[in-house]
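Below: the structure, in structure tokens.
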Amino acid sequence: MTDSDQPTVLVVEDERALIELYVRWLGDDYDVRTAEGGEEALERFDGDVDVVLLDRLMPGMSGDEVLEAVREQDTDCKVAMVTAVEPDFDVVTMGFDDYLTKPVEQETLLETINRLLSRTEYADLEQELYALVSKRAALEASKPAEELDESEEFADLEARIAEIRAQLDETLSDVQDDEFVAMVRELEGDGGDEREGQE
Amino acid sequence: MSYPVEGFDEARSFDDGVSLLLAGAPALTDGRLFDAVAPRRGETAVVVTTNTSAARVAEELLDRGADGEQIGIIDCTSQESDVDDDGVRVRQLGSPGDLTGISLEFAKLLDDEGDDAQVRVGFASVSTALMYTEQQTLFRFLHVFTARISSGGMFGAFAMDPGMHDDQAYNTIRAVFDAESEVADDGTASIRGTGFEG
């Protein structure tokens, strides 16, 4: 059942019946790994995992602790928390990328995983956009407009920027508040520690 | 639906989802920003401020006919500030560099609004925020923020002072916005880009 073309989802859940249900729902589209507890989750986790579906309340190692351990490994894997109660937005600042409230329905589960995967794609595109836009800005600052108008390279740059923007607009066309917060948290994380401001 | 505005040469209203860059010195852009984001009947305004006290933001919007209940302010100035009107919701943040905090407070302030709410968003200023964050981080933040404004059918107005940045930084950041308005010394505001009606 290992198909390298399929994204990998790690399901961490202490109720065996739920694991079986999720595997049935996800098995066709994803390479699914399962774990019945936190310790086992970390054994099954590696750089190939794209999305972790993580039950928050488990006996033994809690979902929050698993999250912390996953984040320490610094992969761009996405973690969705599964919880019994609707959480506050604050949960995304803790490091979760999304959350699902039990009972989880099939459609919601598939949608959430899709969205998280497209967010990874989005981050790559968006970094490329920044690189191209700043390159364009550097050219605009250093060369006269007439010269740029005649440059084929500059025209290609403009075309690529327009193309990426269109793809990003499409990906982001229905971004909601909780995703917005999660994406900002994530991009701040990428920026490292340079954001120490002056007093 | 759209967002009527006054004081922009060739724009009488902005389309849902548009983000506008207001370029000029703060003394020139502040007034324009408040004009642009002052909520009309049935609308909500959320202003992120890094350089103007919450009390003054509230006062400027109340002076333009808003009710306190229509106003939310995310205050990143670290200044003590007493807003007179009890209806105005003010959230304090420690630094303009706390982008996650800004997004979280923004989401919370709009949590009670429906999907079709008419919301005007002000950000003053991008220039101050750039002193606290990497250019790339701020670019990405503004890109996601304007995408949220777009998906929510809101209207955003962001002030930036080109005089504070080199051309490359300014040209990079301004690429995020749909439309831009340069506010001249005489107060006139030219406009170009997309997403507005004359």
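Naming: A, B, ... by sequence-line order, numbering from 1 per chain. Not measured: the values here are computed from a predicted model.
- Environment of CD in A:Glu163: crowded, with over 12 heavy atoms of neighbouring residues, nucleotides or ligands closer than 6.0 Å.
- Between B:Ser103 and the choices A:Val184, A:Leu187, A:Asp177, the side-chain contact (heavy atoms from CB on, under 4.5 Å) rule is met once, by A:Val184.
- In this structure, NZ on A:Lys135 lies 13.0 Å from OG1 on B:Thr172, to the nearest 0.5 angstrom.
- Atom CZ of B:Arg148 is separated from atom CD of A:Glu179 by 9.0 Å, given to the nearest 0.5 angstrom.
- Residues A:Leu172 and B:His143 meet the side-chain proximity criterion, which asks for heavy atoms closer than 4.5 Å.
- Taking CZ of A:Phe180 as the reference point, atom CD1 of B:Ile149 lies at 7.5 Å (rounded to 0.5 Å).
- For CZ of A:Arg160, the number of neighbouring non-hydrogen atoms (other residues, nucleotides, ligands) closer than 6.0 Å is greater than 12.
- Most heavy-atom pairs under 4.5 Å with chain A: of the set B:Ile102, B:Val176, B:Val144, this distinction falls to B:Val144.
- Annotation for B:Ser151 and A:Ser173: closest pair CB-O, 3.2 Å, computed over non-hydrogen atoms.
- Annotation: A:Glu158, atom CD; neighbour count of heavy atoms from other residues, nucleotides and ligands within 6.0 Å is above 12.
- Looking only at side-chain heavy atoms (C-beta outward), A:Leu129 and B:Phe139 come within less than 4.5 Å of each other.
- A:Phe96 and A:Leu57 are assigned to two separate hydrophobic clusters, defined by single-linkage of ILVMFWY side chains at heavy-atom distances under 4.5 Å.
- In this structure, A:Ser142 OG and B:Gln168 CD are separated by 8.5 Å, a value rounded to the nearest 0.5 Å.
- Residues A:Arg165 and B:Ala175 come closest through the heavy atom pair NH1-O, 2.5 Å.
- Counting heavy-atom pairs under 4.5 Å between each of A:Leu139, A:Leu168, A:Ile161 and chain B puts A:Leu168 at the top.
- Within the 4.5 angstrom heavy-atom criterion, atoms from both the backbone and the side chain of B:Phe145 approach chain A.
- No donor-acceptor pair closer than 3.5 Å links the side chain of B:Arg140 to the backbone N or O of A:Glu126.
- By the neighbour-count criterion of 12 heavy atoms within 6.0 Å, atom CG of B:Asp82 is sparsely surrounded, having that number or fewer from other residues, nucleotides or ligands.
- B:Leu99 approaches A:Glu188 most closely through the heavy-atom pair N-OE2, 3.2 Å.
- Other residues, nucleotides and ligands place no more than 12 heavy atoms under 6.0 Å from the NZ atom of A:Lys143.
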